[in-house]
Amino acid sequence: MSTMLIRGGTVVSATGRGAADVLVDGETIVAVLAPGSTVLGHDLAASVDTVIDATGKYVIPGGIDAHTHMELPFGGTAAIDTFETGTIAAAWGGTTSIIDFAVQTAGQKVFDGLAAWHEKAGGNCAIDYGFHQIVGGVDADSLDALPKLIDEGITSYKMFMAYPGVFYADDAQILRAMQVAAEHGLMTMMHAENGPAIDVLVAQLLEQGKTDPYYHGVARAWQMEEEATHRAIMLAHLTGAPLYVVHVSAKQAVEQLAAARDRGQNVFGETCPQYLYLSLEEQLGAVSEKYGAFEGAKWVCSTPLRSRAEGHQDHMWQSLRTNDLQMVSTDHCPFCMKGQKELGLGDFSKIPNGIGSIEHRMDLMYQGVVTGELTLERWVEITSTTPARMFGLYGKKGVIAPGADADIVVYDPNGHTSIGMPVDENGNPTGKKHHMNMDHAAWEGFEIDGKVDTVISRGLVVIQDDQFHGRAGHGQYLRRGLSQYLV
Ligand code: DUC
Ligand code: ZN
Ligand code: ZN
């Protein structure tokens, strides 16, 4: 077992910051020491195998992205990042654990869907990974499987109030699943949009010749998100099921969550970087020389990017500060323009839904610290500590403390990160490039006043000196406990 000392840095947790040295033995943090401490010897640096100098830098628990979709089949194609490429990109960005969504579709056995996800991920991940279970077909069989997932280390499952004919669950199905979940302490995750009503609006817009990506955002109006969020909260209230609403983008949906929390309900919400920074007007409505108004396809995702004029983005930042929203995940679901997003040329409803952000989440949220939207501690909390607690990983993940896995990021506040992949007229990259599989950058031109310096995954240095030192297969499957926010 090798030993490592990360010294000279400022250790930041969800509750505070302070100068401290971190000692790692093998895969585990064994001590957090006051600088100059001699409790473990007079020259600890001389007696360890590796010393990492974190002077002037922050030392934080590795990021946890609790919402990713590697290789997700969607809209006649599949998300382009494999577990290998997606987890390597995650590591580059300071994320050391992901929770991906195993998929069960209607008519399929839950455990067959889960086995397929283990097959895709096993031996291929560069960082640790866990699963939530998508239940795309709520029936007697899947209801029976739900509690058994807990023994597999899966303590959360997701249903969709959107996508009729694909993943959609109706109110009766949701009620039944929540009854089972409430009994066993499973977290119900909800994609809260009124899918049947949205489909009517989509058909009407297409009939009117409104086929550009912009209309994806028009069809998926905020009222559709607020209404579904309210309905999910009411069904959760009735059944006593804890509820976690994914990818919240509408300020009115947050108001529903806040009201439920004020009533004392176990209701939680995540948002994603795209709902904090991007908008209906600027991205979905973008026009470029190469793609014309189809440029906006790069940002077609659901829930959709919302109108900046309506103030949703500012409200998301505020809600993260006030804890009306508890955490930030990416909903990483990348598709290339070529051959994938292009499926929706002339019909926005055929554009595969998703944006790739796994590599940029820690940086984009750190920029919120720079601009005064978040404190340093809140940054750590919403990107690592809360995701760990929410999904039963805390203690092992989400904290720098003796006994925790040595998942550590050294972050340089004096560094700089330019995001993007400029291309020549033939589409060939001419400069800096991200490590996700997509052929474009959804975050082109974003500048971050900070930089991921060193990333350690269970004691292994995976990123250092702008090089990837890890390997696919290092990442282990995470068996999760029940949510640690529930009593
Ligand atoms: N939303 C997306 O944008 N992509 C995948 C599935 C989803 O709900
Ligand atoms: Zn979703
Ligand atoms: Zn998703």
Side-chain angles (χ1 to χ4, degrees), residues 74-75 162-163 193-195 197-226 247-254 271-317 330-357 360 364 367 419-423 427 434 438-447:
F74 193 100
Y163 305 129
E193 284 186 297
N194 186 327
I198 285 171
D199 278 4
V200 172
L201 298 175
V202 168
Q204 290 172 346
L205 286 162
L206 292 174
E207 267 166 36
Q208 293 161 25
K210 294 175 174 166
T211 61
D212 291 336
Y214 178 83
Y215 295 101
H216 170 82
V218 174
R220 307 186 88 90
W222 62 258
Q223 291 89 340
M224 302 288 96
E225 186 182 345
E226 178 180 8
H247 50 50
V248 176
S249 64
K251 64 180 178 186
Q252 296 84 355
V254 179
T271 192
C272 312
Q274 52 269 36
Y275 307 121
L276 293 157
Y277 283 104
L278 310 180
S279 71
L280 172 70
E281 296 93 337
E282 294 150 294
Q283 276 75 31
L284 277 177
V287 178
S288 70
E289 214 168 283
K290 185 167 180 188
Y291 295 110
F294 194 68
E295 175 74 10
K298 292 176 179 172
W299 298 282
V300 164
C301 61
S302 297
T303 61
L305 303 186
R306 302 252 171 237
S307 164
R308 195 176 296 281
E310 291 172 0
H312 299 281
Q313 293 77 1
D314 287 348
H315 198 82
M316 294 299 129
W317 283 113
T330 56
D331 197 8
H332 179 75
C333 192
F335 297 99
C336 289
M337 284 294 268
K338 199 168 168 46
Q340 295 199 296
K341 294 280 188 181
E342 279 175 1
L343 294 168
L345 269 167
D347 179 350
F348 68 81
S349 72
K350 296 202 163 56
I351 301 170
N353 285 201
I355 296 181
S357 311
H360 307 314
L364 288 165
Q367 193 61 19
I419 300 180
M421 51 178 296
V423 289
H434 57 74
M438 313 137 71
D439 62 358
H440 64 279
W443 298 92
E444 185 70 53
F446 274 72
E447 300 289 336

So OH of Tyr277 and CD of Glu282: to nearest 0.5 Å the spacing works out to 13.0 Å

Atom pair CE/CD1 of Met224 and Ile198 - distance to nearest 0.5 Å: 6.5 Å

Can you find a pair of side-chain heavy atoms, one from His315 and one from Val254, that are under 4.5 Å apart? yes

side-chain contact (heavy atoms from CB on, under 4.5 Å) involving Leu205 - partner list, sequence neighbours excluded: Gln208, Lys210, Tyr215, Val218, Ala219, Phe348

Contact summary for Leu305 and Gln283, nearest pair of heavy atoms: CD1-CB, 3.6 Å

Qualifying residues under side-chain hydrogen bond (donor to acceptor under 3.5 Å, both in side chains), relative to Asp212, sequence neighbours excluded: none

For Lys290, enumerate each residue passing the side-chain contact (heavy atoms from CB on, under 4.5 Å) test, keeping only those at least two apart in sequence or located in another chain. Ser288

Output yes when a side-chain donor or acceptor of Lys341 lies under 3.5 Å from a complementary backbone atom of Pro352, and no otherwise. yes

If you measure from CG on Leu284 to CZ on Arg220, what distance do you get to the nearest 0.5 Å? 11.5 Å

pair Pro213-Trp299: side-chain heavy atoms closer than 4.5 Å: no

Could you list the residues that satisfy side-chain hydrogen bond (donor to acceptor under 3.5 Å, both in side chains) with Trp317, not counting sequence neighbours? none

Checking Gln313 now: which residues fulfil side-chain contact (heavy atoms from CB on, under 4.5 Å) with it, not counting sequence neighbours? Ser279, Arg308

Do the side chains of Pro273 and His360 get nearer than 4.5 Å, heavy atoms only? no

Just jot down the salt bridge (charged side-chain N to carboxylate O under 4.0 Å, His left out) partners of Glu281, sequence neighbours excluded, or say none. none

How far apart are the C-alpha atoms of Val248 and Glu225, what are their side-chain angles, what is the distance that settles it, and do they pass the side chain to side chain contact (heavy atoms under 4.5 Å, CB included) test? CA-CA 8 Å; Val248 176; Glu225 186 182 345; 3.7 Å; yes

Any residue meeting salt bridge (charged side-chain N to carboxylate O under 4.0 Å, His left out) with Glu295, in chain and number order, not counting sequence neighbours: Lys298

Can you list the residues that meet the side-chain hydrogen bond (donor to acceptor under 3.5 Å, both in side chains) rule with Tyr163, with sequence neighbours excluded? Asn353

With a 4.5 Å limit on heavy-atom distance, are the side chains of Trp222 and Thr303 in contact? no

Less than 4.5 Å apart, side chain to side chain, heavy atoms only: is that true for Cys272 and His332? no

Give me the atom names and distance for the closest heavy-atom approach of Ala442 to Ile355. CB-CG2, 3.6 Å

For a quick test of reading the model, state the closest non-hydrogen atom pair linking Met438 to Pro334 and the distance between them. CG-CB, 3.3 Å

Looking at CG of Leu343 and CZ of Phe74, how far apart are the two atoms once the value is rounded to the nearest 0.5 Å? 11.5 Å

With sequence neighbours excluded, tell me which residues meet salt bridge (charged side-chain N to carboxylate O under 4.0 Å, His left out) with Lys338. none

side-chain hydrogen bond (donor to acceptor under 3.5 Å, both in side chains) with Glu310: which residues, sequence neighbours excluded? His312

With a 4.5 Å cut-off on side-chain heavy atoms, are Val300 and Phe335 touching? no

Atom of Ser357, atom of Trp443 and distance for their closest heavy-atom approach: OG-NE1, 3.0 Å

By ring-ring contact (aromatic ring centres under 6.0 Å, His included), which residues pair with His247, not counting sequence neighbours? His67, His191

Roughly how far, to the nearest 0.5 Å, is NE2 of His440 from CE of Met421? 9.0 Å

Taking the side chain as every heavy atom from C-beta outward, state whether Ile419 and His434 have any pair of such atoms under 4.5 Å apart. no

Side chains of Glu193 and Pro304, heavy atoms from C-beta outward: is any pair under 4.5 Å? yes

Minimal non-hydrogen separation, Cys301 against His216, with atom names: O-NE2, 2.7 Å

Could you list the residues that satisfy salt bridge (charged side-chain N to carboxylate O under 4.0 Å, His left out) with Asp347, not counting sequence neighbours? Lys350

When rounded to the nearest 0.5 angstrom, what distance separates CE in Met337 from CZ in Phe294? 5.5 Å

